[in-house]
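Quick notes on the structure that follows.
Note that the numbering runs from 1 along the sequence shown for the chain.
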Amino acid sequence: MTTEFNWKTLRNYGRKIRLNEYPGKEFISIRDNRIATLRMYLVKRRLYALFANSGNISHVTHFLDSFQPASLWQPFISKTGKFTVQLPMAPLVKSQSIQFQGKQLSWQKFEARNLYADPELYVVLYTDLSSEYVRQERETVLNALAKSILADLGVTKLPQNGKEISLNGDSGREYMGSTNDGTLIVLRFYLVGQRVYGVFARSKDLMNLNQFLSSFKAQ
């Protein structure tokens, strides 16, 4: 590419361009009846560079104009967890135990972060309850689980009692709050048969928060 592009143009020329809401810059050089074009776009914290060199202008523009950055958010499917959700990156998966009513309760935890928007955190947890817990009052179980999960995540300032919600007819509970720096925190629980799902989000971006929470589906 060094022999195909007149790099002196970088010092003197170049025009500002945009790709949707993302800023960019374009540099064009013509040599030996060939047109070489360099486009650069800053998409959040990622820099993309596109280079085309051809004697046919339409070939150059067709290639450059075909570029579209992929959506940061992608669907994630857990066959064992029997759920789907939208995440900004592939989650880390691990098993953990949480103290619950004097006993250890084992959870599968799926944790994803947004590298372009700190301190965003998105978590899905699930566990299968024994009949001992299912026979208890639903509100008692969900509220107790919420306290255990929030303590494990280091969140202590959410309301003690959430509000009633549902997911395709399955009962649930939602807890919402915010921190002093404006970070929004939401924890939702759903009881699907004997399986409990915990869906936790922490973000300053309401759109990202809603995209994650509303995309969760239990199979």
Side-chain angles (χ1 to χ4, degrees), residues 72-114 117 119-178 183-203 205-219:
L72 180 67
W73 291 79
Q74 298 293 329
F76 174 78
I77 301 173
S78 172
K79 292 183 178 179
T80 55
K82 297 181 180 179
F83 71 86
T84 62
V85 71
Q86 291 271 337
L87 293 172
M89 65 179 296
L92 296 175
V93 184
K94 63 180 180 180
S95 300
Q96 69 178 69
S97 295
I98 294 177
Q99 191 75 14
F100 177 61
Q101 294 187 347
K103 298 181 180 180
Q104 293 294 321
L105 194 61
S106 296
W107 292 81
Q108 288 295 312
K109 182 179 181 182
F110 299 76
E111 181 177 307
R113 297 182 180 272
N114 185 347
E120 287 192 5
L121 175 66
Y122 303 97
V123 179
V124 176
L125 312 96
Y126 73 87
T127 188
D128 292 316
L129 298 178
S130 66
S131 57
E132 170 192 354
Y133 293 120
V134 175
R135 285 195 300 267
Q136 295 183 39
E137 183 183 352
R138 178 180 59 85
E139 295 298 320
T140 300
V141 172
L142 292 179
N143 280 323
L145 283 172
K147 292 177 183 178
S148 298
I149 293 295
L150 291 172
D152 179 73
L153 293 169
V155 179
T156 58
K157 294 185 178 181
L158 289 194
Q160 293 297 312
N161 295 309
K163 70 174 183 178
E164 188 172 350
I165 58 173
S166 64
L167 180 69
N168 296 327
D170 294 307
S171 59
R173 204 84 183 156
E174 180 183 70
Y175 304 80
M176 293 191 296
S178 61
T183 300
L184 307 173
I185 298 172
V186 179
L187 173 63
R188 291 178 177 176
F189 275 110
Y190 302 105
L191 182 58
V192 182
Q194 290 190 214
R195 175 163 290 182
V196 173
Y197 292 97
V199 184
F200 174 85
R202 182 183 71 201
S203 175
D205 190 317
L206 187 60
M207 297 292 289
N208 288 351
L209 199 77
N210 180 66
Q211 180 161 349
F212 168 72
L213 294 169
S214 63
S215 71
F216 178 81
K217 299 290 186 296
Q219 301 172 0

(request) For W107 and V196, work out which heavy atoms get closest and say how close. (result) CZ3-O, 3.9 Å

(request) Please round to the nearest 0.5 Å and tell me the distance separating atom CD of Q86 and atom CG of N210. (result) 11.5 Å

(message) Keeping Q194 on the side-chain end and L129 on the backbone end, is there a donor-acceptor pair under 3.5 Å?
(response) yes

(message) If I take atom CD from residue Q211 and atom CG from residue L87, how far apart are they, to the nearest 0.5 angstrom?
(response) 10.0 Å

(message) Rounded at 0.5 Å granularity, tell me how far CD in Q108 sits from CG in L125.
(response) 9.5 Å

(request) Classify the ring geometry between W73 and Y122 as parallel (under 30°), tilted (30 to 60°) or perpendicular (over 60°). (result) perpendicular

(request) Measure the shortest side-chain to side-chain distance between V124 and F212 over non-hydrogen atoms and say whether it is less than 4.5 angstrom. (result) yes

(message) Within the structure provided, determine whether S97 and S106 are in side-chain contact (heavy-atom separation under 4.5 Å).
(response) yes

(request) Would you name the heavy atoms of V186 and L213 that are closest together and state the gap between them? (result) CG1-CD1, 3.7 Å

(message) Less than 4.5 Å apart, side chain to side chain, heavy atoms only: is that true for F216 and L167?
(response) yes

(message) What I'd like to find out is whether the side chain of V85 reaches to under 4.5 Å of the side chain of S215, using heavy atoms alone.
(response) yes

(request) Measure the shortest side-chain to side-chain distance between E111 and P91 over non-hydrogen atoms and say whether it is less than 4.5 angstrom. (result) no

(request) Looking only at non-hydrogen atoms, find the nearest pair between M89 and A112 and report the distance. (result) O-CB, 3.6 Å

(request) Kindly give the heavy-atom pair with the smallest separation between R195 and T80, and that separation in Å. (result) NH1-O, 3.2 Å

(message) Let me confirm one number: the CD-CZ distance from Q219 to F83, rounded to the nearest 0.5 Å.
(response) 9.0 Å

(message) Could you measure the distance from the OG1 atom of T183 to the CG atom of L121? Nearest 0.5 Å is fine.
(response) 11.0 Å

(message) Does the plane of the ring in F189 sit parallel, tilted or perpendicular to the ring in Y175? Use 30° and 60° as the thresholds.
(response) perpendicular

(message) I'd like to know if the side chain of R188 and the backbone of Y197 have a donor-acceptor N/O pair within less than 3.5 Å.
(response) no

(message) Evaluate R173 against E164 for side-chain contact (heavy atoms from CB on, under 4.5 Å), listing each step before the verdict.
(response) CA-CA 5 Å; R173 204 84 183 156; E164 188 172 350; 3.6 Å; yes

(request) Working to the nearest 0.5 Å, report the span between CD of E120 and CG of L184. (result) 10.0 Å

